[in-house]
Protein chains: 4
Amino acid sequence: MTEAETKPARRSIGATRNPASQEAILQAAEAVLLENGLSGFSIEAVARRARAGKPTIYRWWPSQAALLLDVYHCRKKVDFNFPDKGNVRDDLRAYLKGLLATWQGTSGAIFRCVVAKAQGEPEAFAALSAYMAERRLQSRRLVEKAQERGEVRADVRPELVTEMLSSFAWGRLLTERLDISDEEVDAVIDTVLAGIVPRPAG
Amino acid sequence: MTEAETKPARRSIGATRNPASQEAILQAAEAVLLENGLSGFSIEAVARRARAGKPTIYRWWPSQAALLLDVYHCRKKVDFNFPDKGNVRDDLRAYLKGLLATWQGTSGAIFRCVVAKAQGEPEAFAALSAYMAERRLQSRRLVEKAQERGEVRADVRPELVTEMLSSFAWGRLLTERLDISDEEVDAVIDTVLAGIVPRPAG
Amino acid sequence: MTEAETKPARRSIGATRNPASQEAILQAAEAVLLENGLSGFSIEAVARRARAGKPTIYRWWPSQAALLLDVYHCRKKVDFNFPDKGNVRDDLRAYLKGLLATWQGTSGAIFRCVVAKAQGEPEAFAALSAYMAERRLQSRRLVEKAQERGEVRADVRPELVTEMLSSFAWGRLLTERLDISDEEVDAVIDTVLAGIVPRPAG
Amino acid sequence: MTEAETKPARRSIGATRNPASQEAILQAAEAVLLENGLSGFSIEAVARRARAGKPTIYRWWPSQAALLLDVYHCRKKVDFNFPDKGNVRDDLRAYLKGLLATWQGTSGAIFRCVVAKAQGEPEAFAALSAYMAERRLQSRRLVEKAQERGEVRADVRPELVTEMLSSFAWGRLLTERLDISDEEVDAVIDTVLAGIVPRPAG
DNA sequence: TACTAAGCGAGACGGTACGTCCCGTCTTGTC
DNA sequence: GACAAGACGGGACGTACCGTCTCGCTTAGTA
C-alpha cells in the first residue's frame with residue numbers, strides 16, 4: 001500500500017492482466033476492510049487506496065463479495081492443513097483449535113464479512129456455499145480415516161461430526177467469543193467424541 | 001400493508017407516539033425484508049411502504065439494525081417456549097427441532113439479517129449480543145434441570161451443551177440448509193448426549 | 001461562488017425547493033462553463049463548485065442541456081427588448097446589433113454551448129427549438145408593425161426577414177466572428193431592407 | 001461495414017499505413033455517427049465497429065474532431081460545384097438550394113456534428129475555421145463574376161452576400177428546418193438580390 | 001378555551017457509493 | 001514499425017440511499 005500510494009502509478013502491461021494491480025487491489029481491500037469494517041468497505045474506497053480505476057476492479061471481480069472472498073482465500077491460503085496426528089482426538093482437537101486460532105486474526109474479520117455478505121446477496125451466498133462444500137469434502141476425510149482405523153463407528157456420518165465442530169467455531173466467530181480456554185475446547189471435543197466412538201461391548 | 005398503501009395516510013395524534021404508525025412501519029419493514037432481502041432493505045423503502053416520513057422512523061429506531069431487531073423480536077415473540085418433557089433427550093431434541101423449525105419460516109430470514117448486520121455495525125452487534133446472552137441464560141436451565149435429575153453429569157458446563165446445538169442451527173440457517181431429516185437431528189442429539197450422560201461405573 | 005465555497009453549507013429548508021441552492025448551482029454552472037469550456041462542463045464539476053449534491057441538480061434539471069439553457073435564460077433575462085424606434089431600418093438595425101452585442105459577452109459563450117449540445121441530444125434540441133420558436137414569434141412582430149405602417153410590403157413573410165438577420169448573427173457567433181464593423185451591419189440591413197420595402201411605382 | 005464486421009480482421013501490412021484500415025475506420029465512423037448520433041459517437045465505438053485497435057485510430061487522427069472532419073471531407077468531396085449559369089439570380093439560387101439539398105442527406109448530419117464539436121474543442125474549431133475560410137474564398141467568386149458582368153453593384157462586399165445565404169442555411173441545418181419550399185428560397189434570394197443589384201437611375 | 005409542544009407526512013438537502021462507459025496511454029505478440 | 005487486442009488509471013455518468021433539516025398539519029395536554 002505504502003508503495004502503491006507513493007509510487008508513480010502502475011500502467012497497463014499490454015492486453016493482459018497486470019499482476020501488480022491485482023496484488024495492490026487485494027492488499028488495499030484487506031486494509032480497507034480491517035480499518036473501516038464491513039460497513040466502510042466499498043469498491044470506491046478500495047480503488048482509491050489501491051490507486052486503481054474502478055473498472056479495473058470490476059473487470060476481474062464481478063462483485064464486492066467476490067473480491068471479499070478472494071481476499072479471504074489469498075490470505076488464508078496456508079492456514080488450513082488438515083492434520084493427521086494418528087488418532088481422532090488429536091485430529092479433531094487440532095481441527096477445532098486451528099479454526100478458532102486462524103479466525104482470531106485478520107482472517108476471522110474477513111470471513112465474518114463474507115458470511116454477512118452472503119446473507120443478503122445471492123452471488124455472495126453462492127460463492128460461500130461453493131467454498132463450504134469444498135471444505136466439507138476435505139474435513140470429512142479426517143473422520144473417514146478414523147473410521148478406517150476403527151476409532152469411530154461406521155454408522156457415524158462423517159460430515160456431521162466436523163460440522164458440529166465448525167458450527168461451534170462459526171458461532172463463536174460471529175458473536176466475537178473466539179477467546180476460549182483449552183478446557184472448553186476439550187469439553188467440546190470430548191462430548192463429540194463420546195458420541196462417535198465404538199460402543200462398549202456390554 | 002395493503003391498508004397502509006391505500007389508506008389516505010395517518011396523521012399525528014398529538015404530542016404522543018402514534019401506535020398505528022409504529023405498527024405500520026414494523027409491518028412494512030418485515031414485508032420489505034422478506035420481499036427484497038437484506039440488500040433491498042432500506043429505511044427509504046420501509047418509509048415508502050409504510051407511507052411514513054423518514055424522520056418518524058429515525059425518531060423511534062436509531063438505526064436500520066435496531067428496526068431489524070425489533071421486527072425480529074415482535075415476530076418471534078411467541079415462538080420459543082423452552083420445553084420441559086421430563087427427560088433430557090426429549091428436551092434437547094425439542095430445543096433443536098424448535099430452533100430449526102422456527103427459522104424455516106419468516107423468523108429465520110429476519111434473524112439471518114440481524115446476524116449479518118451485526119458483523120458490520122457495532123450497535124447491531126451489541127443488540128444481538130444482549131439478545132444472545134439472554135437466550136443462553138434461558139436455555140442453560142434446560143441442562144441444569146437435567147443435572148438436578150441426575151441425567152447429566154455435574155461437571156458438564158450447561159451453556160456449552162446448548163451452544164453446541166444452537167451453533168449447529170446457526171450454521172444451517174446461515175448456509176440455507178435448514179431442511180434436515182429427523183435422523184440427522186437424532187444423530188446430533190445422540191452424539192451430544194453420549195458425551196454428557198453419567199459415565200458407566202466401569 | 002466565493003460565498004458558497006466558504007459558507008458553512010446550505011441545508012434543506014423543508015419539503016420545498018431551496019432557492020439558495022438553485023442560485024448557487026446556476027452560478028457554479030456559469031462559472032464552470034466559462035472557465036473550462038463546454039468540454040469541461042459536467043454535472044459533477046458544477047456540483048463540486050456549488051457544494052451541492054448531484055441528486056439536487058438532477059432533481060431540478062433533467063439534463064446537462066436543461067441546466068445549460070436555464071443558465072442562458074437567467075443570464076440574458078433583461079437583454080432582449082425588441083425595440084420600437086418608429087421605423088423599420090432603425091428597428092432592424094437595433095435588433096441585429098443587439099444580438100451581436102449580447103453574444104459578445106458571457107451570453108454568447110453559453111448560447112454557443114446550447115446550440116452545440118442541441119446537435120447531439122434530442123432533449124437539448126427540443127429545449128432549443130422551443131426557445132427559438134418563441135423568439136420567432138416575438139421578433140416577427142417587429143416586421144408586422146412595419147407592414148402596418150406601410151414601410152414593408154404586405155407579401156413579405158415577417159419571419160423570413162428576422163430569420164435572415166438572426167441566422168447571420170448565429171453564423172458569426174459559431175465561427176467567432178462577432179466583432180463586426182457598423183458598416184458591415186449597415187450593409188446587411190440595407191440589403192435586406194431593399195428587398196422588402198414597397199416597390200417603386202414604375 | 002458489413003465486411004468489416006464479418007471479415008476475419010486485417011493485420012499489419014508491414015511498416016506502412018494500411019489503407020484498408022483507414023477506409024474501414026472512416027466508414028465505421030460515418031456509420032456510428034449516423035446511427036447513434038453525436039452523443040453516441042466515440043472512438044471506442046468506431047474501433048469496435050471497424051475491428052480496429054484504438055491506437056490505430058489515434059495514430060492517424062489526433063482527436064475525435066479530426067476524424068469527424070475527415071469523414072465530412074471525404075463524403076462531400078464531390079458535392080459542391082459552384083455553378084455558373086450566366087446570371088446572378090440563378091447562380092445564387094443554385095448555391096443556396098445546393099447547400100440545403102446537400103445537408104438534407106448524410107452530409108448534413110455530419111456537418112452539424114462538426115459545428116457542434118467546434119464549439120467546445122479548439123482544435124475542432126481551428127479545423128472548421130480553416131474549412132470555412134476556404135469556402136468563403138470559393139463562393140465570393142460567384143459574386144465577383146456577377147460584378148464583372150455588371151449585374152451586381154461594385155460597392156457590394158462579395159463575402160457578405162454569400163455569407164447571408166450560407167448563414168441562412170446553417171440556421172436551418174442546426175434547427176432541423178431544412179425542408180423549405182421553393183417559394184421561400186426565392187423570397188430569400190429576391191430579398192438579397194434587391195439589395196445588391198444596380199440602383200435605378202432615378 | 002386558547003396555547004403550546006410534540007408527532008406526523010412529506011420531501012429537499014449535502015453526501016457517498018453504486019456499476020457502466022469512455023477517455024487517451026501503454027504493452028504484447030503477429031505480420 | 002504498423003496492426004488487433006485489450007488492460008490500465010482516471011473521470012463522468014445518472015440512480016439509490018444515507019441521515020438531517022424544515023415545512024405545514026393535527027391533536028393532547030396544560031394554563
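What's counted below: heavy atoms across the whole structure, side chains too, no hydrogens, waters or symmetry copies. In the text below, chain A, chain B and the rest are named by the order of the sequence lines, each starting its count at 1.
- If you measure from atom CD1 of D/I25 to atom P of F/dA2, you get 13 Å, rounded to the nearest angstrom.
- Looking at D/L26 and D/E30, their side chains never come closer than 4.5 Å, going by heavy atoms from C-beta outward.
- The only member of C/R51, C/R10, C/R59, C/R11 that meets side chain to side chain donor-acceptor pair (under 3.5 Å) when paired with C/S21 is C/R10.
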- Note on the structure: Going 5' to 3' through nucleotides 3-8 of chain E and flagging B where a protein heavy-atom sits under 4.0 Å of the base, S where only the sugar-phosphate is that close, and - otherwise, we get ---BBB
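- Considering only residues two or more places apart in sequence or on other chains, A/E123 meets the salt bridge (charged side-chain N to carboxylate O under 4.0 Å, His left out) condition with none of them.
- Here the shortest heavy-atom pairing between C/A124 and C/A65 reads CB-CB, 3.2 Å.
- By the 4.5 Å heavy-atom criterion applied to side chains, A/F111 and A/L128 are counted as neighbours.
- Judged as a side chain to side chain donor-acceptor pair (under 3.5 Å), and not counting sequence neighbours, C/T56 has no contacts.
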- Task: Could you run through nucleotides 11-18 of chain F and give me one letter per nucleotide, 5' to 3': B if any protein heavy atom sits under 4.0 Å from the base, S if only the sugar-phosphate is that close, - if neither?
- Result: BSBBBBSB
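- A salt bridge (charged side-chain N to carboxylate O under 4.0 Å, His left out) check over residues 16-27 of chain C, counting only residues at least two apart or in different chains, returns the pairs C/E23-C/R75.
- Against DNA chain E, the stretch residues 113-121 of chain A makes no heavy-atom approach under 4.0 Å.
- Between B/L34 and B/A109, the shortest heavy-atom distance links the atoms CD2-CB, 3.8 Å.
- For the pair A/I13/A/P19, a side-chain contact is recorded, criterion being any heavy-atom separation below 4.5 Å from C-beta on.
- Between D/K117 and D/L38, the closest side-chain pair of non-hydrogen atoms falls below 4.5 Å.
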